[in-house]
Number of protein chains: 2
Amino acid sequence: MTNIHDIARLSGYSVSTVSRVINHQKYVADEKRAKVEAIMRQLDYVPNRVARDLSNGQTKTIGVVMPYANHPYFARIIDGLVSAAFAAGYKITLLPTNYDLTIERRYLDQLRSKAYDALIFTSRSSSLETLEKYRKYGQIVLCEDPGDDRPLAAAYTDREASYVNALQWAQHHGFNSMGVVLSRNNIISASTRVTRSAYQQVYGKLDSRNLFVGAVTYEDGYRAGEYFAQLQPGVDAVFTNGDDIGAGVQQYYLDHRLAPIPTIGQENLLSSRLLKFSTIDHHLEALGTAAFKLATGQTTTHELIKSEFIRR
Amino acid sequence: MTNIHDIARLSGYSVSTVSRVINHQKYVADEKRAKVEAIMRQLDYVPNRVARDLSNGQTKTIGVVMPYANHPYFARIIDGLVSAAFAAGYKITLLPTNYDLTIERRYLDQLRSKAYDALIFTSRSSSLETLEKYRKYGQIVLCEDPGDDRPLAAAYTDREASYVNALQWAQHHGFNSMGVVLSRNNIISASTRVTRSAYQQVYGKLDSRNLFVGAVTYEDGYRAGEYFAQLQPGVDAVFTNGDDIGAGVQQYYLDHRLAPIPTIGQENLLSSRLLKFSTIDHHLEALGTAAFKLATGQTTTHELIKSEFIRR
DNA sequence: GCTTGACCTGGGACCGGTTTCATAACTTAA
DNA sequence: TTAAGTTATGAAACCGGTCCCAGGTCAAGC
């Protein structure tokens, strides 16, 4: 493999000069610049990325921590992230956790080892305190509202407002007993906290009988549908944590020839369009883009993305 | 930032010894190993990833070239890829191209610069000749059948067999005029080539009037549906290049109160389940896993994944 | 007693770049 | 005429690791 020293030797100039040519710096005589460039072309030389990264102390790479790679919620965020990173000449590395604390810790240590310039947590299991501890090793961006006075950067959607808005709309349409589907029943999960809070504001205390926990996929939603269909007294609508899950709920009712159950989904995916139920679009691509800008320090420390309630 | 020299100095031993401790090599006295480990813990030391990569001449990172990040076809491949990479201690970096040749070339040059150990092309615009030229800089894996005697590694599904199988099934059910939807009408696109070939085998020459090109999303599929609905003489079924596109076709017919049009999709996504049309599952996660193994040289140079026709 | 081999250790080259600094020539302004 | 600034260049330190090799100790085998 040919390196910068080879180019220097063959051109007769110093490594410094070659480096200047590579980086398009001034203070290189035109004639020497031309000769060095010619030799680089001739030898088919490309500077070693890793060596430059070591010397520069940065990798222009951002690690994106997420529980699962193939989930529409994260896929949409990643989409925005990848576009923004591409435009800025950054690379995105995918870091799956399956919500495992040990694995999250491993990625934090990789940040410490300078493998990434920044870490974006699209979701997390670690405590805020843990994340803050690692802040000094690189930028850390959250995709949730960490609350006041937290030193971590964060991009998030106005979930609470949009949830309240959607639930009020449902209540106004006469749905008085609302089922709720969540992924994790966990204080660490921002979406869980916010859903509970919004429900509380509109419907009052959430009876745990009206709650189905542990839904991530369509199949989970189908099981949630089964749960609600058999519930006595039943619910007359369901608020779900995702369109595909909502689709599962509806499909259960459909398959069992029950009266259709009004459903509110999230993410505005194809499934809610096909089944024509209302949904909340959190504009997750924009969330990803905002998170990227925070990660590279282009923006202030907090960024709010407006969510949109889509009535169907 | 504390480095290996600090640890060496503070422990009173040499850098070599510290390095041995870090890498759990033998030939270090127990007492020294213990002391070095204590000091590393105390100083909260983590070896610099980039420096190790430079010295080792590898990054344990694999670049995944794909046209769009947020498309279910690529998302499923990436899912398999990320899981396999995680299990093997590798990192996956996403490289979007939007099918731009210049951008693909940029990624090939990054392979040359040793930024990645290998490159996986989930789809491509570059010619095979171009890719082969870069082979010497690192492993290059294709997600299509490159044909005989090509020096590139490849993981692919038995598309042709599954297409022929699906089309024969359709013909057997009395569908004699079959519409076809493609993404790109391009010899470089393996899926286009194979679709044409399979169609030829079952239905004979493909009349371009029965062909709709340029479909990637649901909306594109909807437009394809409009096209076929107005076609005279019409088609009595449609073979599409993806479930979401198939869903678009069906939805157009539904929205316009036309008789439902039998559709064959691909990828076995939620949309084909909800709308209950047949599809071909290419087991793309397995494809991703296989591609990863090829990229790291764990497997031979070609890997065939069986596709599955799902009748609905 | 001497060879052999396993165990242990540190110096220093090496991976491939960037950057600081010293030096020098050549302008320009006072 | 001289001080100050601009342009141009290379030596060498530096980023933070890995690893080869030379040198030393010590016990087993003959």
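All chains are named by letter (A, B, ...) in the order of the sequence lines, taking the proteins before the strands, and each is independently numbered beginning at 1.
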Protein-nucleotides 14-18 of chain D N/O pairs under 3.5 Å:
from: D:dG17; atom 1: OP1; to: B:Tyr45; atom 2: OH; distance (Å): 3.1
from: D:dG17; atom 1: OP1; to: B:Asn48; atom 2: N; distance (Å): 2.9
from: D:dG17; atom 1: OP2; to: B:Ile4; atom 2: N; distance (Å): 2.6
from: D:dG17; atom 1: OP2; to: B:Tyr45; atom 2: OH; distance (Å): 3.3
from: D:dG17; atom 1: O5'; to: B:Tyr45; atom 2: OH; distance (Å): 3.1
from: D:dG17; atom 1: O5'; to: B:Asn48; atom 2: N; distance (Å): 3.3
from: D:dG17; atom 1: N2; to: B:Ser55; atom 2: OG; distance (Å): 3.3
from: D:dT18; atom 1: OP1; to: B:Asn23; atom 2: OD1; distance (Å): 3.3
from: D:dT18; atom 1: OP1; to: B:Asn23; atom 2: ND2; distance (Å): 3.1
from: D:dT18; atom 1: OP1; to: B:Arg52; atom 2: NE; distance (Å): 3.1
from: D:dT18; atom 1: OP1; to: B:Arg52; atom 2: NH2; distance (Å): 3.3
from: D:dT18; atom 1: OP2; to: B:Ser19; atom 2: OG; distance (Å): 2.7
from: D:dT18; atom 1: OP2; to: B:Asn23; atom 2: ND2; distance (Å): 3.4
from: D:dT18; atom 1: O4'; to: B:Ser55; atom 2: OG; distance (Å): 2.6

Take the protein atom CD1 of A:Ile7 and the nucleotide atom P of D:dT9, then report the distance between them rounded to whole Å. 17 Å
Using a strict threshold of under 4.0 Å (side-chain N to carboxylate O), is an ion pair present between A:Arg112 and A:Asp109? yes
Checking B:Asp44 against A:Tyr137: is there a side-chain donor and acceptor pair closer than 3.5 Å? yes
Do other residues, nucleotides or ligands put more than 12 heavy atoms under 6.0 Å from the CG atom of A:Asp30? no
What verdict does the side chain to side chain contact (heavy atoms under 4.5 Å, CB included) test give for B:Val21 and B:Glu37, after you've listed the backbone C-alpha separation in whole Å, the side-chain angles of each residue and the deciding distance to 0.1 Å? CA-CA 7 Å; B:Val21 172; B:Glu37 279 170 347; 3.7 Å; yes
Using heavy atoms and a sub-4.0 Å distance, could you list which residues of residues 26-33 of chain B are near DNA chain D? By number, please. none
Got a sec: does the CZ of A:Arg105 have more than 12 other heavy atoms crowding it under 6.0 Å? no
Is it the case that over 12 heavy atoms from other parts of the model lie below 6.0 angstrom from the CZ atom of A:Arg150? yes
Taking B:Arg135 for its side chain and B:Gly138 for its backbone only, find out whether a donor-acceptor pair lies under 3.5 Å. yes
Going through the distances and angles, do B:Ser14 and B:Thr17 end up as a side chain to side chain donor-acceptor pair (under 3.5 Å)? CA-CA 5 Å; B:Ser14 71; B:Thr17 298; 3.3 Å; yes
Nucleotide interval of DNA chain C bounded by contacts with chain A (heavy-atom cut-off, under 4.0 Å): C:dG16 to C:dT19
For the OG1 atom of A:Thr122 and the CG atom of A:Leu95, what is their distance to the nearest 0.5 Å? 9.5 Å
Verify the distance criterion only: is there a donor paired with an acceptor across the side chains of A:Gln110 and A:Tyr116 at less than 3.5 Å? yes
